[in-house]
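Chain letters run A, B, ... following the sequence lines, proteins first and then strands; every chain starts at 1.
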Number of protein chains: 2
Amino acid sequence: MQQNLTREEKRQQKLDVILRNAAKAFMERGYYKTSLDDIASMQNVTKPTLYYYIKNKEDILVKCEEVTCGRINAMLDEVMAKNISGYEMLYQFIMRYIGIIIDDVARCHVRHRGQMEDEMLRAQSIKNHKDIENRVREIIRRGIGDGSIRNCNSTILAILLFDSLNGLTSWYKADGKVDQNELTDEVLALVGSGVCST
Amino acid sequence: MQQNLTREEKRQQKLDVILRNAAKAFMERGYYKTSLDDIASMQNVTKPTLYYYIKNKEDILVKCEEVTCGRINAMLDEVMAKNISGYEMLYQFIMRYIGIIIDDVARCHVRHRGQMEDEMLRAQSIKNHKDIENRVREIIRRGIGDGSIRNCNSTILAILLFDSLNGLTSWYKADGKVDQNELTDEVLALVGSGVCST
DNA sequence: AAAATATGTTACTATTCGGTAACAATATAA
DNA sequence: TTATATTGTTACCGAATAGTAACATATTTT
């Protein structure tokens, strides 16, 4: 008899719930202060059950990273394919990046990337971010080339940009006092024109 | 017989070394992956000796915070006493803030603030940062008042500013490829005028 | 010199927690 | 129905490590 969902789909859904709950707990209490027992009990299962969905504790971070980097890169694919100026690309990237990282799984990734204990995983994590950073640098260089962005050190600018954007993850709550549109406007205004009134 | 240094001075020096070494290790390996035995062996002492200088592991974070916030507030006292425009104040704050947080103890504080397990300590840590943030907001408001800073949401601007400045701590190494002066120039240019070429 | 204080060590406890082995139940397919 | 794969549980192990008690040594003060 055919179910609504296949086994594989149900399995994927459960994994998603684990990631979301774990990510939330990691952000609230911290990675080391959140035990696998804590995470398991959020799902109303026991710890060994988790090991059917994840390899080990660190694997949760890896999976959060895969999901998030996948989204960011897909977004970059779209934005960079458009026939617009470098500045407009950067503008759109920022707008949509904020939309992506306001999510527990993404916030968890941002906060823990490059901190895996396993050396291979750590290297891969660092590379994943560097790749994204390089794509944004490419946008900045295009903007400098087409004259829409002030001549500057694209490396430093890209990093500063990510610092302020990723910093959002540690204080911005989607349901908080600050409206997402107002936040996005302020970020875009600051990045675009700075603070000077002149 | 009078020594070069009094007991109290020697004690303070040893505490400083402990804080510096611990902060460095926390930044390199992470707080939870650095044991008190690790820290002790850097001093060529044993773990119980540390407890003569610190109350417990968390107290290291508290002491790093006290040192760093003390420095920042003293700097703000100076800068805010000057008879200059709000924008110039902000400019000087940024320049000197970068100078302060390029230091292992300060970096350790930035990375771990508000993450103490003890509730009282955590609340105090959050308050310490909020106080500093409020002083910077005051600078921004003054700038808006005297017309030197574009009209904007001072709360969001202050946070974004701290995000990008504090973000430096996670990648900038004083002995690395990027020169501190060039970095400061780029930050000031970005905050001042943004990325637009027009 | 003797007393008091500061600084250090060795040896140990208690607890937390990631991970696993062995076993039980349930759903799917033949 | 029977066989098989999947999903779950209970009970346990081993390692790491924050913190302490008891004891030893050095340094300053009286």
*Ionic contact status for A:K63 with A:E66, cut-off 4.0 Å*: no
Given the rule in the side chain to side chain donor-acceptor pair (under 3.5 Å) test, do B:T155 and B:R137 qualify, once you have shown the distances and angles that lead to the verdict? CA-CA 6 Å; B:T155 307; B:R137 280 177 61 191; 3.2 Å; yes
To the nearest angstrom, the OH-C1' distance between A:Y31 and C:dG18 comes to 10 Å
Quiz item: Under the 3.5 Å rule, do the base of D:dG19 and the side chain of B:K57 count as making a donor-acceptor pair?
Solution: no
When rounded to whole Å, the CG to C1' distance for the pair A:N56 and C:dC17 reads 14 Å
Side-chain atoms of B:T46 come closest, of D:dT7, C:dT10, D:dA11, to C:dT10
Check your understanding: Just checking, A:R107 and A:F26: is the charged tip under 6.0 Å from the six-membered ring centre and within 45° of the axis?
Key -> no
Examine C:dT7: is either OP1 or OP2 under 4.0 Å from a nitrogen or oxygen in the side chain of B:R11? Give yes or no. yes
Quick note, B:S35 side chain, CB onward, closest among D:dT17, C:dG18, C:dT7 is D:dT17
### Message
Under 6.0 Å from the ring centre and within 45 degrees of the ring axis: does the NZ or CZ of B:K57 meet both conditions for the six-membered ring of B:Y31?
### Response
yes
In whole angstroms, the gap separating C1' of C:dT20 from OH of A:Y52 amounts to 17 Å
Whole-Å distance, B:R29 CZ to D:dT17 C1', equals 14 Å
Q. Any side-chain N or O of A:Y51 less than 4.0 Å from the OP1 or OP2 oxygen of C:dG19?
A. yes
Tell me whether the side-chain N/O atoms of B:K55 come closer than 4.0 Å to OP1 or OP2 in D:dT20.
no
note: B:L50, atom CG; D:dT17, atom P; distance rounded to Å ~ 14 Å
Closest to the side chain of A:P48, out of C:dG8, D:dT9, C:dT9, is D:dT9
Among the nucleotides C:dT7, D:dT7, C:dA11, whichever has the atom closest to the side chain of A:K14 is D:dT7
Ranking C:dT10, D:dT28, C:dA6 by distance to the side chain of B:K10, first place goes to D:dT28
Separation of D:dT17 atom P from B:I60 atom CD1, nearest Å, is 14 Å
B:E9 CD to C:dA6 P, in whole Å, measures 16 Å
note: B:Q12, atom CD; C:dA6, atom C1'; distance rounded to Å ~ 16 Å
If you count the non-hydrogen atoms of other residues, nucleotides and ligands that lie under 6.0 Å from OH in A:Y53, is the total more than 12? yes
Which of C:dG19, C:dG8, D:dT9 is nearest the side chain of B:T49? It is C:dG8
